[in-house]
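Report on one structure; see the data block that follows.
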Amino acid sequence: MYPSALQNVQRDPGTLDDVSGRPPVLALHGQPGSGRDFEPLGRALAGEWRMVAPDRPGWGSRAGEPARGFAAGADDAVAVLDREGVDRAIVLGFSWGGGVALELARRHPDRVGGLVLAASIGPGEPTVADRLLALPVAGRAISAGGLAATRLVLRRPSFHGIVGRGMKGVDPNHVRRFVDDCMSRAALDSFMVEQRALVGEWGRVVRRLSELRLPTVVVSGERDRMIAPTSARRLAEAIPGAELRIVPGAGHFLPGASAPVLAEAVVGVAARAGLAGR
């Protein structure tokens, strides 16, 4: 047993029924990340939707568990739904978690009512940099240095001031928690497992995107530099009937900076699936 990092912040976490007939929202975080990343989305949904945002294996409260690839991550997400008593959910996948959401929809279509893919990896990945970071020796050394440098920068008080003044929608307190939860030295092992899955497993997921038959919205930040430039468009084109939304001025961290946009996408996908409730 392991805790979800977040149930809808407006509701009693012990309440397992949905609100007004609406399906729950399962939110899957990126790499690195934790379920806490979706706290702004929980507020944007205004307590009208139950949200389950678990820590994925290898991250946050589950840092002691081995990280997993896309297929095993999808099966783990089903275990989360089973534990929470959820038969079917709207699934939101952010960044690397978008790959888990896609594989969940393909492997377990009866459990997914619709998809919201936020700054998700897509057909443009893995990039050359991704392949380099997945190398056993050189990639691990580069990743370790990058994590250490990022940890130092994010802990600097001056950086928190910049976040507070200039990064709209990003809470400096969340940045501090992010460092504690996701940038520890133990995170390196999880990062490497997921990088290898991106290189070795992701192509098979992409080749089967045309099999998906469910309402899908792909949301991308106009200024996202973490995902390959053409990935969002190609992802939307590969999934039958998928809609592409570009958020003007937004970067990669859509759960923090563009939570209202994601909430709107959730509502729209549920409506298209006939699951919006009253």
Side-chain angles (χ1 to χ4, degrees), residues 18 22-30 37-38 41 44-45 49-53 56 70-71 73-75 77-78 80-81 86-125 198 201-222 224 226-247 250 252 254-255 258-277:
D18 56 278
R22 299 182 177 98
V25 177
L26 174 66
L28 301 171
H29 65 78
D37 294 346
F38 296 104
L41 177 60
L45 290 170
W49 299 72
R50 179 187 171 214
M51 188 167 72
V52 178
R56 294 191 296 101
F70 297 105
D75 293 343
V78 169
V80 170
L81 294 177
V86 174
D87 292 328
R88 200 174 185 209
I90 301 298
V91 179
L92 187 153
F94 167 57
S95 195
W96 204 95
V100 180
L102 286 162
E103 190 66 347
L104 171 60
R106 189 189 68 80
R107 291 169 67 87
H108 306 279
D110 57 318
R111 309 302 297 270
V112 183
L115 286 174
V116 176
L117 302 171
S120 175
I121 55 174
E125 282 75 38
L198 186 61
E201 190 181 335
W202 178 237
R204 293 192 294 273
V205 178
V206 169
R207 287 192 291 272
R208 303 189 70 171
L209 292 176
S210 62
E211 299 176 13
L212 298 176
R213 296 290 186 274
L214 75 171
T216 302
V217 173
V218 177
V219 186
S220 178
E222 180 186 32
D224 191 344
M226 300 295 292
I227 299 297
T230 63
S231 255
R233 174 181 56 78
R234 292 170 62 191
L235 181 58
E237 290 173 349
I239 301 172
E243 175 187 349
L244 174 63
R245 298 184 187 178
I246 304 297
V247 185
H252 185 65
L254 297 180
S258 301
V261 176
L262 298 186
E264 181 181 342
V266 166
V267 174
V269 163
R272 287 170 56 192
L275 300 172

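Keep in mind that what you see is a predicted model, and the values were worked out from it rather than measured.
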Heavy-atom pair with the smallest gap, counting every atom of Ala236 and Leu244:
CB-CB, 3.9 Å
Identify, with sequence neighbours excluded, every residue that meets side-chain contact (heavy atoms from CB on, under 4.5 Å) alongside Ala101.
Leu28, Val91, Leu115, Leu117
Pairs where residues 89-98 contributes a residue and the test salt bridge (Lys or Arg N to Asp or Glu O under 4.0 Å) is met, not counting sequence neighbours:
none
Minimum side-chain heavy-atom gap Val217-Arg272 below 4.5 Å
yes
Met51 side, atom CE; Leu45 side, atom CG - distance, nearest 0.5 Å:
6.0 Å
Could you pull out all residues at least two apart from Arg88 that satisfy side chain to side chain donor-acceptor pair (under 3.5 Å)?
none
Ser120 versus Leu235: any side-chain heavy-atom pair under 4.5 Å?
yes
Would a 4.5 Å heavy-atom cut-off, applied to side chains only, mark Phe70 and Ile121 as touching?
yes
Do any N or O atoms from the side chain of Arg56 and from the backbone of His29 form a donor-acceptor pair under 3.5 angstrom?
yes
Arg234 and Glu237 ion-paired at < 4.0 Å
no
Of all the heavy-atom pairs spanning Gly113 and Ile90, show the shortest one and how long it is.
C-CD1, 4.0 Å
Hey, does Phe38 have a side-chain heavy atom less than 4.5 Å from the side chain of Val25?
no
Heavy-atom closest pair, residues Pro240 and Ser210:
CG-O, 3.5 Å
Please confirm whether the backbone N or O of Leu198 pairs with a side-chain atom of Glu201, one donor and one acceptor, at under 3.5 Å?
no
Is there a side-chain contact between Val261 and Arg245 in this structure, where contact means two heavy atoms from C-beta onward sitting under 4.5 Å apart?
no
Atom pair CG (Leu212) and CD (Glu103), whose distance is rounded to the nearest 0.5 Å:
9.0 Å
Using atom types as modelled and distance alone, determine if a side-chain donor or acceptor of Thr230 lies under 3.5 Å from a backbone N or O of Ala228.
no
Do Val86 and Arg50 have side-chain heavy atoms sitting under 4.5 Å apart?
yes
Non-neighbouring partners of Val206 that pass side-chain contact (heavy atoms from CB on, under 4.5 Å), sequence neighbours left out:
Pro123, Trp202, Leu209
Taking only residues at least two apart or on different chains, which pairs with a member in residues 109-121 satisfy salt bridge (Lys or Arg N to Asp or Glu O under 4.0 Å)?
Asp82-Arg111
Partners of Arg208 by side chain to side chain donor-acceptor pair (under 3.5 Å), sequence neighbours excluded?
Glu211
Mind checking whether Asp75 and His108 have side chains closer than 4.5 Å, heavy atoms only?
yes
Considering only heavy atoms from C-beta outward, does the side chain of Thr216 approach that of Val269 to under 4.5 Å?
no
Starting at CZ of Phe94, measure out to NE2 of His252 and round the result to the nearest 0.5 Å.
4.0 Å
